[in-house]
**Student:** 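After the structure tokens below, expect a handful of questions from me.
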Amino acid sequence: MFQPPLPQLPPEDDLLTEGVLRSSRFSDIYFSTENGLEEARHVFIKGTGLQRRLAGEVQIIIAETGFGTGLNFLAVIAEVLLQKSRTKIDFISVEGCPPSKQNVKAVLRAFPELRKIYDEFLQKWPRRWLGVHHMSFLDGQISLHLHYGQAKHVLPTLNFSADIWFLDGFSPAKNPEIWSPEIIQQIARLSAHEARLATFTVAASVRSSLADAGFTCQRVAGFGSKRDMLIASYMRGFSLGKTLRPRRVLVIGGGIAGCAVAGGLKTLGIEAIILDAAAQEGSGASGNPAGIVVPFLTVGDMVGMRLSISSLADTRAFLDANDLIISNGVISLDYDKRKSSRQKKIAGQGFPPDLATYRSADELSATCGLPVKAGGLLFETGAVIRPRQLSSQLAEGIERIYGAKLHAISGEEGAWIAHCTDGRTFPTDHIVLCAGADLPELLETIGYDLGVYQVTSGQLSILPKTTELAALQIALNYSGYTTPLIEGEQYLGAGFDPAADTAVSQKGHLHNLELMPVELRQLAGLASEWQGRTSRRLAYPDRLPLAGNITPGLSVVSALGARGLTLASLIGKSLAHEIAGRPSILPYHIMMALHPQRFFDKAI
């Protein structure tokens with residue numbers, strides 16, 4: 001079935017002239033030349049009554065059309081610091097054409113009072129990739145959900161109830177699409193009862209669309225030389241009841257999925273404890289000595305690809321921030337005619353160069369340091385890492401209890417008790433199952449079934465530094481993968497055994513060898529001299545992970561498969577947000593595609 005290609009972001013169109021940042025496409029400025037920060041404070045902070053909410057509310061959602069330079073967001077952080085507010089904020093913004101980091105840095109220098117804030121902000125400036133980019137500020141108090149893409153495509157995929165809206169696209173005369181009735185209807189759909197809205201424009205078309213969508217509008221004094229601006233309130237919608245926010249969450253499983261969930265909860269101020277059936281850290285696939293982080297790209301716009309791109313951006317940012325990268329870049333070789341055709345089609349979809357570019361065999365040979373006979377995709381942002389280091393960093397500061405094999409669960413949401421086989425019990429408000437390949441057995445033990453699944457095993461081959469293959473300079477991915485030399489060892493992975501045998505075998509080594517391109521096999525030395533390690537993987541029929549609630553107070557993150565190193569961080573953080581009663585980071589349609597009940601509930 002034909003799928004249209006993933007839409008890509010338009011080229012940068014921001015121009016900086018005489019200290020003023022403009023969009024060449026829309027012939028409009030990003031913020032007032034009189035004083036952009038004071039404009040943000042007057043129109044959006046004061047116009048929506050944000051100061052009052054920061055003084056009295058535990059948690060709010062601010063949504064925005066037109067992120068631009070991020071100045072409104074920075075103004076919100078500054079206001080939180082000024083008031084010493086403890087209000088937790090989810091700031092959800094959409095940007096269709098992100099400006100260059102260089103120009104944003106230049107114009108933000110005009111506001112020295114924001115220096116400490118924008119320095120951190122610019123350090124976290126996301127890659128220019130379509131999808132959602134998540135960043136935390138003020139030790140998790142403020143969560144930025146920045147969606148790169150056209151608002152008409154992004155807003156219908158989201159599900160939240162905003163307390164405040166900043167409408168800050170380019171002027172309706174220059175960019176009417178961002179102010180269209182369809183966009184305004186989406187804004188209404190995503191608004192809480194008594195939501196407040198503010199914008200700099202008083203255009204009749206905007207006022208009319210807001211009124212039609214259920215907003216009550218009022219003209220008030222504008223900023224500087226602008227006579228008027230618009231504020232509005234939304235009296236439709238529902239006053240949502242407070243979500244039960246757990247104080248303690250038990251995470252069952254100490255692999256990368258469990259570590260990502262636990263770390264996400266800790267960032268949000270929720271106590272998380274990891275119960276691990278293993279005797280020590282890194283007993284499963286997350287304990288492999290090396291692994292690769294790569295995107296999963298498809299011919300056509302697929303949920304799995306959107307998830308992968310956003311996850312890679314998030315994971316790579318985390319790896320860079322914590323100095324966890326062993327080797328930069330991964331080459332995906334055309335190991336047969338079918339993959340060659342597929343990868344050339346992928347390359348033709350216009351992905352950003354730092355995500356994927358197609359290179360010839362000669363170019364790849366020069367890059368990797370060994371002769372390869374096929375072209376392929378270069379994933380510049382791919383990486384080789386040590387999975388255990390990533391897991392440990394994700395769960396830094398989290399209590400871990402080893403040798404704690406779950407036997408049963410009793411109680412209900414908010415009052416669970418986890419029973420272990422050795423007789424220990426652990427009371428908790430919420431439980432998250434992150435047991436990897438052990439999940440089906442665990443589910444059966446506690447009386448749940450998520451449908452047909454497959455458990456396989458994969459063998460990692462460990463080569464000595466004495467082979468000719470050790471000259472490899474960058475990881476290769478084909479139907480298996482090969483890493484460069486890492487501290488005297490090189491790794492080939494990873495076999496696929498449907499029998500899920502966990503014994504290291506010569507047969508497994510030979511299978512890994514056969515996966516390699518023919519021209520590289522002769523460089524790998526004798527398989528009889530290799531060592532190895534095996535681990536098991538869990539997969540469901542659609543090959544997507546599981547993430548979400550099984551029943552109130554009981555959640556799951558599992559079946560990450562061979563892509564766990566790329567996917568775990570963002571999926572774990574997104575589920576942590578849901579558990580905490582805050583908006584999911586990942587779009588609604590992606591979280592529904594991952595929902596553990598999707599094989600039974602046709603409404604999902």
Side-chain angles (χ1 to χ4, degrees), residues 5-6 8 127 129 290-302 304-305 308-309 311-313 315-316 325-385 458 460-461 463 467-486 490-496 511-524 543 561-563 565-567:
L6 184 74
Q8 300 298 330
R127 294 181 181 274
W129 297 353
I292 59 173
V293 173
V294 289
F296 170 67
L297 304 182
T298 58
V299 178
D301 186 357
M302 307 288 284
M305 176 166 62
S308 180
I309 292 172
S311 295
L312 177 60
T315 298
R316 180 66 200 223
I325 293 171
I326 299 172
S327 171
N328 271 303
V330 175
I331 292 170
S332 179
L333 288 173
D334 297 341
Y335 61 83
D336 58 27
K337 290 183 178 179
R338 182 178 179 185
K339 185 169 184 181
S340 176
S341 173
R342 176 176 168 272
Q343 293 207 137
K344 287 175 181 175
K345 289 178 181 177
I346 288 172
Q349 294 182 122
F351 289 105
D354 59 339
L355 179 56
T357 55
Y358 193 85
R359 300 289 174 85
S360 68
D362 288 343
E363 290 173 316
L364 294 181
S365 295
T367 300
C368 75
L370 290 174
V372 295
K373 295 182 179 180
L377 291 171
L378 173 61
F379 301 137
E380 179 185 306
T381 321
V384 179
I385 66 168
L460 187 72
S461 298
L463 281 62
T467 72
E468 294 178 77
L469 195 64
L472 183 68
Q473 298 299 305
I474 184 173
L476 302 178
N477 191 23
Y478 31 92
S479 51
Y481 66 87
T482 306
T483 73
L485 196 65
I486 303 170
Q490 194 167 18
Y491 305 97
L492 304 185
F496 180 88
H511 177 67
N512 284 343
L513 185 63
E514 290 167 2
L515 293 176
M516 296 182 71
V518 174
E519 66 270 22
L520 299 181
R521 294 177 194 172
Q522 61 187 356
L523 308 178
R543 293 299 187 265
R563 304 183 192 122
L565 297 180
T566 305
L567 301 180

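Residues: numbered from 1 along the sequence shown. Computed from a predicted structure; not experimentally measured.
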**Student:** Does Q522 have any side chain to side chain contact (heavy atoms under 4.5 Å, CB included) partners at least two apart in sequence or in another chain, and if so, which?
**Tutor:**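 For Q522 there are no side chain to side chain contact (heavy atoms under 4.5 Å, CB included) partners, ignoring immediate neighbours.
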**Student:** Do the side chains of L492 and L463 get nearer than 4.5 Å, heavy atoms only?
**Tutor:** yes
**Student:** Rounded at 0.5 Å granularity, tell me how far CG in L378 sits from OG1 in T357.
**Tutor:**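 Here the interatomic distance stands at 4.5 Å.
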**Student:** Check side-chain hydrogen bond (donor to acceptor under 3.5 Å, both in side chains) between R342 and all other residues, then give those that pass, not counting sequence neighbours.
**Tutor:**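 R342 satisfies side-chain hydrogen bond (donor to acceptor under 3.5 Å, both in side chains) with no residue once adjacent residues are dropped.
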**Student:** Where do K345 and V299 come nearest, in terms of heavy atoms and distance?
**Tutor:**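 Distance-wise, the nearest heavy atoms are CB-CG2, 3.9 Å.
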**Student:** Side-chain contact test, heavy atoms from C-beta onward, threshold under 4.5 Å: evaluate it for I346 versus F351 and give yes or no.
**Tutor:**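 A side-chain contact under 4.5 Å exists here.
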**Student:** Stepwise, does the side-chain contact (heavy atoms from CB on, under 4.5 Å) test hold for C368 with L476?
**Tutor:** CA-CA 8 Å; C368 75; L476 302 178; 4.2 Å; yes
**Student:** Within the structure provided, determine whether Y491 and I486 are in side-chain contact (heavy-atom separation under 4.5 Å).
**Tutor:**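 Side-chain contact under 4.5 Å: yes.
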**Student:** Would V293 and I385 count as a side-chain contact (heavy atoms from CB on, under 4.5 Å) here? Give the steps.
**Tutor:** CA-CA 7 Å; V293 173; I385 66 168; 3.9 Å; yes
**Student:** Can you list everything that forms a side-chain hydrogen bond (donor to acceptor under 3.5 Å, both in side chains) with S341? Sequence neighbours excluded, please.
**Tutor:** none
**Student:** With rounding to the nearest 0.5 Å, note down the distance linking CD in Q490 to OG1 in T467.
**Tutor:**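 Spacing of CD (Q490) from OG1 (T467) equals 5.0 Å.
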**Student:** Run the salt bridge (Lys or Arg N to Asp or Glu O under 4.0 Å) test against R316 and tell me which residues pass, sequence neighbours left out.
**Tutor:** D320
**Student:** When you measure from the side chain of Q349 to the backbone N and O of D301, does any donor-acceptor pair fall under 3.5 Å?
**Tutor:**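 No, because the side chain of Q349 does not come within donor-acceptor range (under 3.5 Å) of the backbone of D301.
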**Student:** Mind checking the NZ-OH spacing from K344 to Y358? Nearest 0.5 Å is all I need.
**Tutor:** 4.5 Å
**Student:** Could you pull out all donor-acceptor pairs under 3.5 Å where a side-chain atom in residues 369-377 meets a protein atom, sequence neighbours excluded?
**Tutor:**
none

**Student:** Can you list everything that forms a side chain to side chain contact (heavy atoms under 4.5 Å, CB included) with D354? Sequence neighbours excluded, please.
**Tutor:**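 Per chain and number, D354 pairs via side chain to side chain contact (heavy atoms under 4.5 Å, CB included) with R127, W129, P352, E380, T381.
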**Student:** Under the side-chain hydrogen bond (donor to acceptor under 3.5 Å, both in side chains) rule, collect the residues that match up with Q343, sequence neighbours excluded.
**Tutor:** S332, D334
**Student:** Kindly say whether D336 contributes a backbone atom to a donor-acceptor pair with the side chain of S340 at under 3.5 angstrom?
**Tutor:**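 Here the side-chain-to-backbone pair does not exist.
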**Student:** Rounded to the nearest 0.5 Å, how far apart are CG of L364 and CD1 of I474?
**Tutor:**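 Output value for this atom pair is 8.5 Å.
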**Student:** Step by step, work out the side-chain contact (heavy atoms from CB on, under 4.5 Å) result for L485 and L472.
**Tutor:** CA-CA 7 Å; L485 196 65; L472 183 68; over 6 Å; no
**Student:** When you measure from the side chain of S308 to the backbone N and O of G304, does any donor-acceptor pair fall under 3.5 Å?
**Tutor:**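 No, S308 side chain to G304 backbone: no donor-acceptor pair under 3.5 Å.
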**Student:** Quick check: does any side chain N or O of T315 sit under 3.5 Å from a backbone N or O of T566, one acting as donor and the other as acceptor?
**Tutor:** yes
**Student:** Do the side chains of P295 and L355 get nearer than 4.5 Å, heavy atoms only?
**Tutor:**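 When only atoms from C-beta onward are counted, P295 and L355 do touch, with a gap below 4.5 Å.
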**Student:** Under the 3.5 angstrom rule, does the side chain of E514 hit a backbone N or O of H511 as a donor-acceptor pair?
**Tutor:** no
**Student:** Would you please name every residue forming a side-chain hydrogen bond (donor to acceptor under 3.5 Å, both in side chains) with Y481, sequence neighbours left out?
**Tutor:**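 Testing Y481 for side-chain hydrogen bond (donor to acceptor under 3.5 Å, both in side chains), a comparison that skips the adjacent residues, returns none.
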**Student:** List for me each residue that meets side chain to side chain contact (heavy atoms under 4.5 Å, CB included) alongside Y335, sequence neighbours excluded, and say none if there are none.
**Tutor:**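 Y335 satisfies side chain to side chain contact (heavy atoms under 4.5 Å, CB included) with K339, Y478, S479 once adjacent residues are dropped.
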**Student:** Would T482 and L469 satisfy side-chain contact (heavy atoms from CB on, under 4.5 Å), going step by step from the backbone distance to the final call?
**Tutor:** CA-CA 9 Å; T482 306; L469 195 64; 3.9 Å; yes
**Student:** What residues form a salt bridge (Lys or Arg N to Asp or Glu O under 4.0 Å) with D362, not counting sequence neighbours?
**Tutor:** none
**Student:** For the CE atom of M302 and the CE atom of M305, what is their distance to the nearest 0.5 Å?
**Tutor:** 8.5 Å
**Student:** Roughly how far, to the nearest 0.5 Å, is CG of L297 from CG of L6?
**Tutor:** 9.0 Å
